[in-house]
A.B. asks: 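Encoded as C-alpha cells, here's the structure I'll be asking about.
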Amino acid sequence: MSDEIYQPDVVEAKWQARWAEQGTNEPDLDHAERPFYNLMMFPYPSAEGLHVGNMFAFTGSDVYGRFKRLQGYQVFEPIGFDAFGIHSENFAIKVGTHPARLIPANIENFRRQLKQIGGMFDWRHELSTTDPAYYRWTQWLFLQLFKAGKAYKRFAAVNWCPECKTVLANEQVINGFCERHPETRVEQRTLEQWFFRISEYADRLLANLDDRTKLDWSETTSTAQRNWLGRSEGAEIDFAVEHNRVIRVFTTRPDTLYGATFMVLAPEHPLVGDLTSTAQREAVQAYRAVASARDVVSRRVGEREKTGVFTGSFAKNPATGRMIPVWIADYVLMDYGTGAIMAVPAHDERDREFAERYGLSIVPVVDDNGIVIDSDRFSGLTVDAAKTAVIRWLEQSGAGTGVVQYKLHDWCISRQRYWGPPIPMIYCDDHGVVPVPEADLPVILPPIEDFRPDDSGISPLARHEEWYYVPCPVCGKRARRETDVSDTFLDSAWYYLRYPSTEFDDRPFDADRTRRWCPVTTYIGGNEHAVLHLLYSRFIAMVLHDIGQVQFDEPFARFRAHGLIVKDGAKMSKSRGNVVVPDEYIARWGADTFRMYLMFLGPFQEGGDFRDEGISGPRRFLDKVWTLVGECVRDDMCGGEIRRAIVIKWHQTVKRATEAVEGLRYNSAIAAYMELVNLLREERCSERAVVADLVVMLAPFAPHFAEECWERLGHRTSVFDELWPEWDERLVVEEEVEVAVQVNGKTRSTVTVPRDSVEADVAAAAMADETTLRFVAGKEVRKRIYVSNRLLNLVVG
RNA sequence: GCCCGAGUGGCGGAAUGGCAGACGCAGCGGACUCAAAAUCCGCCGGGGGCGACCCCGUACGAGUUCGACUCUCGUCUCGGGCACCA
C-alpha cells in the first residue's frame, strides 16, 4: 500500500478483517474489572436498510463506547435486531412475501452496513427477537408476570378496520380512517385482551425519575415520561342517586364542589342502564350506539363539539344538598378517573361549553382573585386552602377522599396478529386459563403461509387446528391455545438483559453476567422512544427486581437522547422523498470520513442538517493528518525541542477534546483537532508525541484510519489498546497572555502580560497603552474589575 | 390548549456571565498548471474612514450586572411531544 495516498476502502477492509480475526471488539464478559455496557437502540430491519439517521445514532454511540475503551474500560457494545412486529408484517403483506423469508435478508443487509461503518460491535452476542432462542424467553417473561399477578385478561376496545379485517394500532388510524384504506372508517370493537399492571407502578416510575443515582437521563426524556405518567392530586367524591346507589367522581378541583350543577357519565359507564328513565331510554341507547361505533382514536381527539343526553335521573350534591341532573356524554372517558365527573361549568371550559349548549345552570364559586365564594364555611379561602379543607370535610362526612390519579393505563400486550411471539397460555374447559409449562417453551410461531389477518377478529393462528388444539397441561384433555401474539415492545423491554448471556440456552440471563454488566452504563437512542420503550423497560425491570430475578430496578443508569438529522429543513422520511442512503457516501468518501462528517455537523444531542457539500471538509482533514503521519515517520521534524505554542495547543486540545467527547459535543472535539493540525502545518512540525496523541484522540471518530496511522507510526498492537492522553493544567495557558482591556464594559484594546499577573500590574500596563488612554484620558477611574488572564474592565466617569 | 427544546454571518455551527462569529462548507482574489482538478497562500457579519481606528450587530422588548449570545420577565417564530385526562 502506498504510504503517500490515503485509500479509505483499502484501509477499512483491512482493519475490519483484522478486528474480526483478533477479537478486538470482544471483551471478556466473565472477568472484566471495569465493565462498561454501551448500549444503542437496536434497529427494526426494514427492507430499505439503514439510513443516515440510523448511522448518525449508531456512530455517536460507538464514538462514546470507543472513547470509554480508550479510558481503560472493558466496553461491551452489542447489536441486534428488533424484527418482530406490525411494521415487518405489514410490509410482508404488501410485497406478498412471508416475513420469515423477508427478515433474514434484511438482517443480512443491516449487518453488512453496520460492519461497513466500523462499529465496535461484539458480534458474538448479536440477537434477533424473532429467533426462538430469544422469544422463548420473551414468553418466559410473560409467564413470570402472570405468576406474579401482574398479567390479567379483560375486555377492551380496539380499533377495527373492516377492510384490513384486523385490529389496528392507534398510530395506524388517521382522523378516524384506516392508514392503508383512506376511505374506510375505523370501528370500535371490544375484545378480550391481556394487560400488564404497569399502572400499579406509576408512583415508583415517577419517583425514580428524580433519583439521579439510579437514573441520569436527558431532561427531555424524563420530562416526557413525567407527562405521560400524568400525576394529578384531587378527590373522589360520592354523589347519591336513587335506590341507594352512588356515582363516584374524580376531580382535581374539590374546591369547586359548590359549583357542581350537573353530572356527566361516560356513555359506557356501568350505572347508565340503571339511571336511565323510561322516557329517556331511547335517546340514551341511540347515543351509546353512536359513541361505541366510533373508533377509539377519533373518540378521543376528533371533533370537539360537546354532545350528550340526559338520563332522566338526578344526583344529590353532597355539599349543597341540591338535586342536579345526570347526563351522559362522550367527552367523559371511561378509562380515566372513575368515568364520571361532577361538572362545574363556571370553572371548566368543557363543562361550560356543554352547559351552554344544553341550557344547564352555571354557578361561579371562585372570584377573580382566586378566593372561594358562595361556598358556606369555605367561602373566603384561597383555592389551595379550600381544596385541603373540602377534602378534610369529605373524609369526615364520609362523602369522599383525597386521591392521586395517573393518566398511565395498564399496558395492553395482545396483538391479533401473526408476526410476534405467541402468548404462552392455554384455555381448558375444565381448568380455565392455564399457563404453558416453562419446560414446554418456546411456543413456536408456526410457519403458516396464510398469515394475513381475516374478518373474525382473531389471530390467523386460530385457523390452524394442528397448532390451535393442544392437550391441557393439567388434565391432558383437548384445550385451545391463546392465539394472540405479544406486543413488539415486550420483545424490546428486556433485550439488554439478553445480550451478555446470548450463549446460554437454559436461562434468559445469567446471574453473574447480569450482575457484572447491568444495569446498562450508557444508553443512547432516539427520543421517539422516550415513553413507550423506555417506560416499559423500566416497568419490566421493576417486576424482575421484585420477584428476585435482577438486583437493580432501573435498567438504564444513564440515557442520552440523540438529535435528528434533517435534510432540506425536514425530517428524513420516505414520504418526503428526502431519505439519504449512506452506502453511496461511504463508497465515495470512506466510512471514517462519513463518521467524522456526521459527528461534525452539529452537537450530537441536537442533530443537524445533512448537506452534501459539507462532507469534503472532514475528508480534507483526514488527508492532512495522513500526510502529517507520513512526515512524522520519515523525519520527525521538530524532534528535540517543541515550540512553546505547540505544546500549549497540544495540551489545550487534549483538554477540550476530553471534555467535549464526555459531553457528547463531538463537533467541538473535531474542531479542536482541526485547530491543532492547522497549527502543526503552519509551524511545519510533525513532532511524534503530538501526532501520536492526535491519532489516539481521533480513533473513536475514525477507527480504521487511526489504526492504520498507528501502525504506520510503528506499532504492532491496536490503537484501542492505548490510553486516552492526559493534559497538564499548567500547560494549558501560555506564559504570556493577551488581556482584553475594557472601558465601561466595551473592549477597547489588549495588553500582553505574563500569565497570572496581579491586577495592579495589568492596570499599569493598560494605563501605558495608547489606545486605552484615549478612552480614559481626563476621566477618573472609579472602579476596576479584573478577571485573571482574560480581562480588565476600567469603569470611568 | 399544555409541556419541553431552539432562534448567532450566505450555510452548518463555536463561545465556565468576560475580546461574538472558533472550526468547517460555500464564495472571492492569487500561486502552481498548456488547461482543469487537486494542493498551497490571502480575504470573507453590516456600515464608515487614506489610515491607526470608529459605529452597529447574537429573533423582538424590558430588567439584573462593571460587563449579557449566556441570567430574569414578557412577546414573536420554528421544531418536537402530549392532548376532551375532569
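Residue numbers start from 1 in every chain, and the chains themselves are labelled A, B, ... in the order their sequence lines are given, proteins ahead of strands. Note that the structure is a prediction, hence the values are computed from the model and not measured.
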A.B. asks: Does anything in residues 653-669 of chain A come within less than 4.0 Å of RNA chain B? Heavy atoms only, and list the residues if so.
C.D. replies: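 N667(A), S668(A) - these, ordered by number, are the residues of the stretch whose heavy atoms sit under 4.0 Å from the strand.
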
A.B. asks: Please give the stem ranges for RNA chain B, sorted by first residue number, where a stem is three or more consecutive Watson-Crick or G-U pairs and both donor-acceptor distances are under 3.5 Å.
C.D. replies: B:1-7 with B:76-82, B:10-12 with B:23-25, B:27-31 with B:39-43, B:45-48 with B:53-56, B:59-63 with B:71-75

A.B. asks: Is a donor from one side chain sitting under 3.5 angstrom from an acceptor on the other, for E219(A) and W217(A)?
C.D. replies: no

A.B. asks: For the base of C84(B), is there a side-chain donor-acceptor partner from K306(A) under 3.5 Å away?
C.D. replies: yes

A.B. asks: Under 3.5 Å between N/O atoms: give me all the protein pairs with nucleotides 42-50 of chain B, atom names plus distance.
C.D. replies:
none

A.B. asks: For K783(A) and for I615(A), find the nucleotide of RNA chain B with the closest heavy atom, then tell me which residue's nucleotide is more 5'.
C.D. replies: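 Upstream on the strand: I615(A).
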
A.B. asks: With a 4.0 Å limit, can you tell me whether N678(A) has a side-chain N or O closer than that to the phosphate oxygens OP1/OP2 of G24(B)?
C.D. replies: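 For N678(A), the contact criterion (side-chain N or O under 4.0 Å from OP1 or OP2 of G24(B)) is met.
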
A.B. asks: For residues 736-743 of chain A, run the donor-acceptor check on the side chains, cut-off 3.5 Å, and write out each pair with its distance to 0.1 Å, sequence neighbours left out.
C.D. replies:
| residue | atom | partner | partner atom | Å |
| --- | --- | --- | --- | --- |
| Q742(A) | NE2 | T747(A) | OG1 | 3.4 |

A.B. asks: Within this structure, what is the CG-to-P distance between L535(A) and C82(B), rounded to whole angstrom?
C.D. replies: 13 Å

A.B. asks: Looking at R755(A), I'd like to know if its CZ atom is crowded, meaning that more than 12 non-hydrogen atoms belonging to other residues, nucleotides or ligands lie closer than 6.0 Å.
C.D. replies: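 Yes - once you tally the heavy atoms of other residues, nucleotides and ligands closer than 6.0 Å, there are more than 12.
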
A.B. asks: With N667(A), which residues qualify under side chain to side chain donor-acceptor pair (under 3.5 Å), at least two apart?
C.D. replies: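 Applying side chain to side chain donor-acceptor pair (under 3.5 Å) to N667(A) gives none.
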
A.B. asks: Please measure how far the P atom in U64(B) lies from the corresponding atom in C78(B), and state the result in whole Å.
C.D. replies: 32 Å

A.B. asks: Identify the pairs formed between an N or O of the protein and an N or O of nucleotides 1-10 of chain B at a distance under 3.5 Å, and give each distance.
C.D. replies:
| residue | atom | partner | partner atom | Å |
| --- | --- | --- | --- | --- |
| C3(B) | O2' | N227(A) | ND2 | 3.4 |

A.B. asks: In this structure, are over 12 heavy atoms from other groups packed under 6.0 Å from E613(A) atom CD?
C.D. replies: yes

A.B. asks: Return yes if a side-chain donor-acceptor contact under 3.5 Å exists between Y585(A) and D612(A), otherwise no.
C.D. replies: yes

A.B. asks: Roughly how many Å apart are C44(B) and C28(B), using the C1' atom of each and rounding to a whole number?
C.D. replies: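 These two C1' atoms come out 8 Å apart once rounded.
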
A.B. asks: Taking it one step at a time, do T220(A) and N527(A) satisfy side chain to side chain donor-acceptor pair (under 3.5 Å)?
C.D. replies: CA-CA 8 Å; T220(A) 52; N527(A) 230 3; 3.1 Å; yes

A.B. asks: Distance between the P atoms of U39(B) and U77(B), in whole angstroms?
C.D. replies: 45 Å

A.B. asks: Working to the nearest 0.5 Å, report the span between CH2 of W589(A) and CZ of F594(A).
C.D. replies: 12.0 Å

A.B. asks: So what does R619(A) hit on the nucleic acid, given a heavy-atom distance under 4.0 Å: a base, only sugar-phosphate, or nothing?
C.D. replies: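 Touches nothing.
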
A.B. asks: So, do D351(A) and I341(A) sit near enough that their side-chain heavy atoms are less than 4.5 Å apart?
C.D. replies: yes

A.B. asks: Distance between the C1' atoms of G45(B) and A52(B), in whole angstroms?
C.D. replies: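 Those two atoms are separated by 22 Å.
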
A.B. asks: Could you check whether Y673(A) and F621(A) have their ring centres less than 6.0 Å apart?
C.D. replies: no

A.B. asks: Within the structure shown, what part of the strands sits under 4.0 Å from Y597(A) by heavy-atom distance: base, sugar-phosphate, or nothing?
C.D. replies: nothing

A.B. asks: Taking the basic N atoms (NZ, or NE/NH1/NH2) and the acidic carboxylate oxygens, is any pair closer than 4.0 Å for E305(A) and R357(A)?
C.D. replies: yes

A.B. asks: Would you check if the distance from the ring center of F600(A) to the ring center of F701(A) is below 6.0 Å?
C.D. replies: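 Ring centres of F701(A) and F600(A) not closer than 6.0 Å.
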
A.B. asks: Please measure how far the P atom in A36(B) lies from the corresponding atom in A31(B), and state the result in whole Å.
C.D. replies: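 My reading of the P atoms in A36(B) and A31(B) gives 11 Å.
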
A.B. asks: Parallel under 30°, tilted from 30 to 60°, perpendicular over 60°: which one fits the rings of W626(A) and F705(A)?
C.D. replies: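 The arrangement is tilted - the two ring planes meet at 30° to 60°.
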
A.B. asks: Assign G80(B) to syn or anti; the rule is syn for a glycosidic angle within 90° of 0 and anti otherwise.
C.D. replies: anti

A.B. asks: OP1 or OP2 of C23(B) versus the side-chain N and O atoms of K624(A): is any pair under 4.0 Å?
C.D. replies: no

A.B. asks: Using the C1' atoms only, state how far U70(B) lies from U8(B), rounded to an integer number of Å.
C.D. replies: 12 Å

A.B. asks: If you measure from the P atom in C56(B) to the same atom in G61(B), how many Å do you get, rounded?
C.D. replies: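 Going atom to atom, P in each nucleotide, I get 15 Å.
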
A.B. asks: On a whole-Å scale, what distance lies between the P atoms belonging to G17(B) and A6(B)?
C.D. replies: 14 Å

A.B. asks: Are the aromatic rings of W327(A) and Y358(A) close, with centres under 6.0 Å apart?
C.D. replies: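 When the ring centroids of W327(A) and Y358(A) are compared, they turn out to be within the sub-6.0 Å range.
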
A.B. asks: In this structure, are over 12 heavy atoms from other groups packed under 6.0 Å from E659(A) atom CD?
C.D. replies: yes

A.B. asks: Find which nucleotide of RNA chain B each of Y406(A) and L791(A) is nearest to by heavy atoms, and output the residue with the more 5' nucleotide.
C.D. replies: L791(A)

A.B. asks: Could you tell me how far apart E738(A) (CD) and G18(B) (P) are, to the nearest whole angstrom?
C.D. replies: 17 Å

